[in-house]
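Notes for the one structure printed next.
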Amino acid sequence: MRIATWNVNSIRARVDRVVDWLERADIDVLLMQETKCRDDQFPDLPFVGLGYEVAHVGHSQWNGVAVVSRVGLADVEIGFPGQPGWGDPVAAEARAIAATCDGVRVWSLYVPNGRTLDDPHLTYKLDWLAKLREAGAGWLADDPDAQVLLGGDWNVAPRDEDVWDMAVFATSTHVSPPERAAFQAVVDAGYADVVRPYTEGQFTYWDYTQLRFPRKEGMRIDFALTSPALARRVTGAEIVREERKGKGASDHAPVVVELD
DNA sequence: ATGGTGGTCACACCA
């Protein structure tokens, strides 16, 4: 089974590219982030036409996450238990959706960006990750053999080598100690980054500005973390840099996990 | 040397 996660940065602007890649790359389950549309605007038909079932949550032009699967899609869950909200009035944003696909509990996650180090949005981000860790620890406490995949755009670069130049990020989000600690806490709860061992030195995201992609100035911020039982099934992984190329590309590349 | 969205046709917001 092949599971992928991809921040598509608007599914309506990108649907042709996404379904074309799904078919070429032989993907069974795709987790998408930043669909940037409401549920009634999501383009189901191209996916259904290829034999995929679709689960999506989107409340506005912001955020939006989806799971599409051709190996079953059951027990869809919008948001994780304890997921913090944002806004006035405070409400859960469309940043987490889960489904069970061929026995694997997959979560498509879009972690808040944080914006700047002194912004309330950073506090929201840290709280969001802390609550995700708490929920994730709970799933493993309930069932140590659970097959869980936490995939998505984490908006954290856990290591210095996950950005092209640490000096540029001296006062930025994504690399700060609290953000890295919040990410590591999820790992310590039992969720391993199964992609990094197969993709050393690679990035998953390149800003549209400043010719970042041709200059190879990217970041590794998209991750698939798996529970211990699922980690034992992983036979490979890749970051598909090709999909960042050309006109009409998302600023993120897809990340693929291969399971036996 | 950015791109997507919405509301309006010039800009604000988010990334």
Side-chain angles (χ1 to χ4, degrees), chain A residues 5-21 31-43 46 56-66 83-97 108-129 151-158 162-165 168-176 179 182-183 203-223 239 241-255:
Chain A
T5 182
W6 195 2
N7 179 322
V8 295
N9 187 11
S10 171
I11 189 57
R12 287 176 294 170
R14 216 81 62 206
V15 64
D16 291 346
R17 276 189 80 123
V18 170
V19 297
D20 178 64
W21 177 76
L31 315 178
M32 284 178 273
Q33 301 85 38
E34 276 209 275
T35 57
K36 288 188 169 176
C37 67
R38 299 186 309 268
D39 292 342
D40 62 288
Q41 298 173 306
F42 189 94
H56 174 260
V57 61
H59 306 309
S60 68
Q61 72 268 48
W62 310 125
N63 313 308
V65 284
Q83 181 183 323
W86 179 254
D88 183 18
V90 173
E93 296 185 303
R95 293 181 179 274
I97 189 169
S108 179
L109 304 167
Y110 180 44
V111 177
N113 175 285
R115 299 178 185 170
T116 59
L117 291 178
D118 59 358
D119 195 295
H121 207 261
L122 184 73
T123 308
Y124 171 47
K125 177 182 193 173
L126 296 174
D127 188 35
W128 206 93
L129 284 166
D153 177 356
W154 293 71
N155 272 316
V156 177
D162 296 336
V163 300
W164 77 94
D165 181 0
V168 174
F169 288 82
T171 59
S172 301
T173 59
H174 293 61
V175 300
S176 74
E179 289 166 273
F183 179 88
F203 297 135
T204 66
Y205 161 86
W206 299 261
D207 196 294
Y208 284 124
T209 68
Q210 310 293 125
L211 296 171
R212 293 295 185 213
F213 183 64
R215 288 178 171 155
K216 305 185 188 314
E217 296 172 344
M219 305 170 72
R220 182 192 288 261
I221 55 175
D222 300 273
F223 296 93
I239 296 165
R241 190 177 175 280
E242 279 294 311
E243 289 306 309
R244 179 62 179 79
K245 293 181 179 175
K247 202 166 173 60
S250 168
D251 42 3
H252 295 252
V255 176

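Naming: A, B, ... by sequence-line order, numbering from 1 per chain.
Contacts of A:T209 with the nucleic acid, taken as non-hydrogen atoms under 4.0 Å apart, include base atoms. No contact: A:Q33 has no heavy atom under 4.0 Å from any strand. No engagement by A:R215 is indicated, since no non-hydrogen atom pair under 4.0 Å with the nucleic acid exists. Residue A:R212 is out of contact with every strand shown, counting any heavy-atom pair closer than 4.0 Å. When heavy atoms are screened at a 4.0 angstrom cut-off, A:F213 is found touching no nucleic acid atom at all.
Ranked by how close their nearest DNA chain B nucleotide is to the 5' end, A:K36 and A:R115 are led by A:K36.
Comparing B:dG7 with B:dC14, their P atoms are spaced 15 Å from each other, to the whole Å. Taking atom P in both B:dC9 and B:dG4, one finds a spacing of 22 Å when rounded to whole Å.
A glycosidic torsion no more than 90° from 0 defines the syn conformation, and B:dG7 adopts it.
Here the P atom of nucleotide B:dC14 and the CG atom of A:D251 are 17 Å apart, to the nearest Å. One atom, NE2 of A:H59, and another, C1' of B:dT5, lie 17 Å apart when rounded to the nearest Å.
Ring geometry for A:Y205 against A:H252 counts as tilted: the plane angle lies between 30° and 60°, on a 0 to 90° scale.
Judged by distance alone, the side chains of A:K36 and A:N9 do bring a donor and an acceptor atom under 3.5 Å apart.
In this structure B:dC13 sits in a base pair with B:dG4, meeting the Watson-Crick or G-U test at under 3.5 Å.
Just one of A:T5, A:V8, A:L109 meets the side chain to side chain contact (heavy atoms under 4.5 Å, CB included) condition when paired with A:Q33; it is A:T5.
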